[in-house]
Amino acid sequence: MNPKLLKPYDPKETEERIYKLWEESGFFNPDNLPGDRKNPFTIIMPPTNANGSLHAGHGLVMTIEDIMVRYKRMQGFKTLWLPGLDHAGFETQVVYEKQLEKEGRTRFGMEKNQLYKEILDFTLINSKNIISQIKKMGASCDWSRNKFTLDDDIIKTVYQTFEKLYRDGLAYRGNRIVSWCSKHQTSFSDLEIKDEERVEPYYYLQYGPFTISTSRPETKFGDKYITMHPDDKRYSQYKDGQKIELEWINGPITATVIKDSAVDMEFGTGVMTITPWHDPIDFGIAERHNLDKEQVIDEKGKLLKIAGEFVGLHINKARPLVVEKLKSKGLIVRVDEKYKHIVHTCYKCGTIIEPQIKDQWFIKMKPLAEKALEKIEKGEIIYIPEHYKKITVHWLENIMDWNISRQIVWGIPIPAWYHEPKCIPKPGRENEISKCKEIIVSIEKPICEFCDTDYMQDTDTFDTWFSSGQWPFATLGFSNSKDFKEFYPTDIMETAGEIIFFWVARMIMLGLYVTGKVPFKTVYLHGLVLDAKGQKMSKSKGNVIDPLLYTSKYGTDAFRIGMIVGNTPGTSLALAEDRIRGYKNFANKIWNIARFVLENSSHMSDMWENAIKNDLTAEFDELAKDVTFDMDNYRFHLAAEKIYHYIWHRFADEIIEESKKNEKIKPSLLYILKNSLKLLHPFMPFITEAIYQEMYPGGLLMIEEWPKIK
RNA sequence: GGGCGGCUAGCUCAUUUGGCUAGAGCGCGUCGUUGACGUCGACGAGGUAACAAGUUCGAGUCUUGUGCCGCCCACCA
């Protein structure tokens, strides 16, 4: 017997050796798998953000997906698990900015190319680290197909999609109000905004004959329209367009009455002034009535000239001063000191979102969402757990246009070109000069036919989710690659429930739009991994669990099965260290079972092993059937628990104990051990493979056939 | 304001279409093991399944309501 087996199980030595064995077999790559495998099984791994190291959530992703893939591989499918890394635009830039801060530097004022290059280097270093960590988790993914969101072919696909959207009128450049973070100096989509409840003073102000109310008096300088609902009888004496002279913050102004049904009659006094540049509702009213829009606050959050004496002040500093001035002019009617309301903040830094009007690229989402809804409602995509379907449908039904422009360096540049404002037409082309103003969407820099002026490329980059939203078909080489034809649509998208809108819903929409097919047939969503006390992990709380710490302490197999047992899809998991430790004992138990069985089976041949049929093997087959059923229904937590329970409390405690007294049982042990290893392999791949190597040198459990079910 | 989850043993959670004395891990108690066991085994304590009503031969599981806890969405200035 191999002396290794005589010692307790040593995960460190084993895991490295076994992973190498698998990798060198080439069987992570579906093209190398033995036998005639007609049916593909595909999972595209959610690309890991290349800005840090693996956290516990990644540990769960790698475990669940590896279980699915190993199971299907053993069942004879042509399995592809395609790994990848994400440049993670804004997220990564924020991480890098923090690093710059530590060095006393800042991205503002930095040469763009220099910053880009530095972040690229940063992600490349991280990527290497992350890949080695994913391997430590035992992930049997095809590294030969590994993708990065900034690979040339991915960017090419993203550009093609954008061009198609533009041609179809679904991507448009709009001068619209967007959510702006004055700290990060970029706009966001609606999903990156966090609502926060605050209690602040609320001011009722005298505005001519009206009383208006606001929590932000420092934004009101330019308010020169007074709006009310057209049906509001209280104000029926005022006509739309009527001018009213009144005294305002910085002196007398002429206000214009506007009637618009967006005004809520029930709220406050039923009248409000509008600040179209910095408020979405007000912007809507201004658009409908073709009103002036004036910027009051600049991109850094400071007041502009329109604020008069307050010019240059940051809005936070300006508020008390403006209130003071309003008070001295007698314009404050009353103050509600404890007004509870919702403010929008940057999800990253908590800075108040200051809406601004900007030229940005938007995607018209309604048409895309309708197609997605149709497919989802037809059941072409199965959600696990099911309630995520409802959540998705609800979101899709109320979808708004998607702002995909980001004012950051780290990302895929938007391939749109604009003409400089002034141009001199080429001789004979004077009549066509208006065509110069057209926006050109193209990868290559366009050359103007009509004049000699240069085109300038859009300085923004895409929202990172715009590129990752195309991940399933982009990674497979859309549109005419062999992989795309063979592996698309993919089978399962397994990811965190948290990013169902950010990523999953968008993949469905973009996948359908570009390829005409759903990108995956099943969505499996796991919950959050929390700390042992059930608290959300965060760096500031200092309760972040490093999965690699646990794998090195207890072995990867123990970590993996510890994350699975008792963890149902969609629900969050409190990761207690004791739990993992318990499964380390289990690993050792299996190791010892193997030692005992092998010590007592030296006289057995394979033929004999296969010939056995009795009550014990029949009982095992029943278990295998049960477990297979659970696997097919994504109940990995049940499957794992049943195998665990069988191996320890039936096989070891009873069958093996009995065999010490009853020689007749011994011939069954090898059968049970071998097939138990198969059932357990997706969950605990290292130890099962290591034992299998002792039993059948030269074989490979990873590609062994899953127990047949009658 | 709208929506979605959860409430089961001291802790963390299971319990597939309603059906045998509601289970596991950790923790706890007693006893025993050092020739498969970095331990393990045997036995045990511990639950009115948030609460109330209903449907049913039968409900942790279905319906309704109530109460907590959590999450998501939302242009009430």
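Proteins come first, then strands; the chains are lettered A, B, ... in the order of their sequence lines, and each starts at number 1. The figures that follow rest on heavy atoms only: side chains count, while hydrogens, waters and symmetry mates do not.
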**Q** Looking for any heavy atom pair under 4.0 Å, which part of the strands does A:Y644 touch: base, sugar-phosphate only, or nothing?
**A** sugar-phosphate
**Q** Choose from B:rC13, B:rU15, B:rG41 the nucleotide whose nearest atom is closest to any side-chain atom of A:H637.
**A** B:rU15
**Q** Whether the side chain of A:K660 and the base of B:rA36 hold a donor-acceptor pair under 3.5 Å is what I'd like checked.
**A**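 Between B:rA36 and A:K660, which were checked side chain against base, a qualifying N/O pair under 3.5 Å is present.
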**Q** Taking B:rU15 as the reference, what is the distance to B:rC76 when you measure between their P atoms (whole Å, please)?
**A** 39 Å
**Q** Are A:K194 and B:rC72 close enough that a side-chain N or O sits under 4.0 Å from OP1 or OP2?
**A**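 No.
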**Q** Check the phosphate of B:rU16 against A:T568, side-chain N and O only, distance under 4.0 Å to OP1 or OP2. Yes or no?
**A**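 No, because none of the side-chain N or O atoms of A:T568 sits under 4.0 Å from OP1 or OP2 of B:rU16.
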**Q** Has the side chain of A:R579 got a donor or acceptor atom sitting under 3.5 Å from an opposite partner on the base of B:rU12?
**A** no
**Q** How far, in whole Å, is B:rU48 from B:rG23 if one measures between their P atoms?
**A** 15 Å
**Q** To the nearest angstrom, how far is A:E657 atom CD from B:rG41 atom P?
**A**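 In whole Å, B:rG41 P and A:E657 CD are 9 Å from each other.
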**Q** Does A:R581 reach a base, just sugar-phosphate, or nothing at all? Heavy atoms under 4.0 Å.
**A**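 Sugar-phosphate contact only - A:R581 comes under 4.0 Å of backbone atoms but never of a base.
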**Q** How far does the P atom of B:rG29 sit from the matching atom of B:rU34, given to the nearest Å?
**A**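 It works out to 23 Å between them.
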**Q** Give none if B:rC20 has no partner; otherwise give the nucleotide forming a Watson-Crick or G-U wobble pair with it, both distances under 3.5 Å.
**A**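 By the stated definition (distances under 3.5 Å), nothing pairs with B:rC20.
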**Q** Determine: side-chain N/O of A:Y583 to OP1/OP2 of B:rC26, distance under 4.0 Å, yes or no.
**A**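 Result: no.
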**Q** Please assess A:F651 against A:F620 for the test ring pair (Phe, Tyr, Trp, His ring centres under 6.0 Å), listing each intermediate value before the final yes or no.
**A** CA-CA 9 Å; A:F651 188 33; A:F620 178 87; 8.4 Å; no
**Q** Is any side-chain N or O of A:H649 closer than 4.0 Å to OP1 or OP2 of B:rG23?
**A**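 No, outside the criterion.
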**Q** Between B:rC26, B:rC75, B:rA36, which nucleotide has the shortest distance from any of its atoms to the side chain of A:N592?
**A** B:rA36
**Q** Tell me, please, whether A:Y554 has A:R581 positioned over its six-membered ring: NZ or CZ under 6.0 Å from the ring centre and within 45 degrees of its axis?
**A** no
**Q** When the P atoms of B:rU21 and B:rG60 are considered, how many whole Å apart are they?
**A** 11 Å
**Q** Just N and O in the side chain of A:W648: are any of them under 4.0 Å from OP1 or OP2 of B:rG25?
**A** no
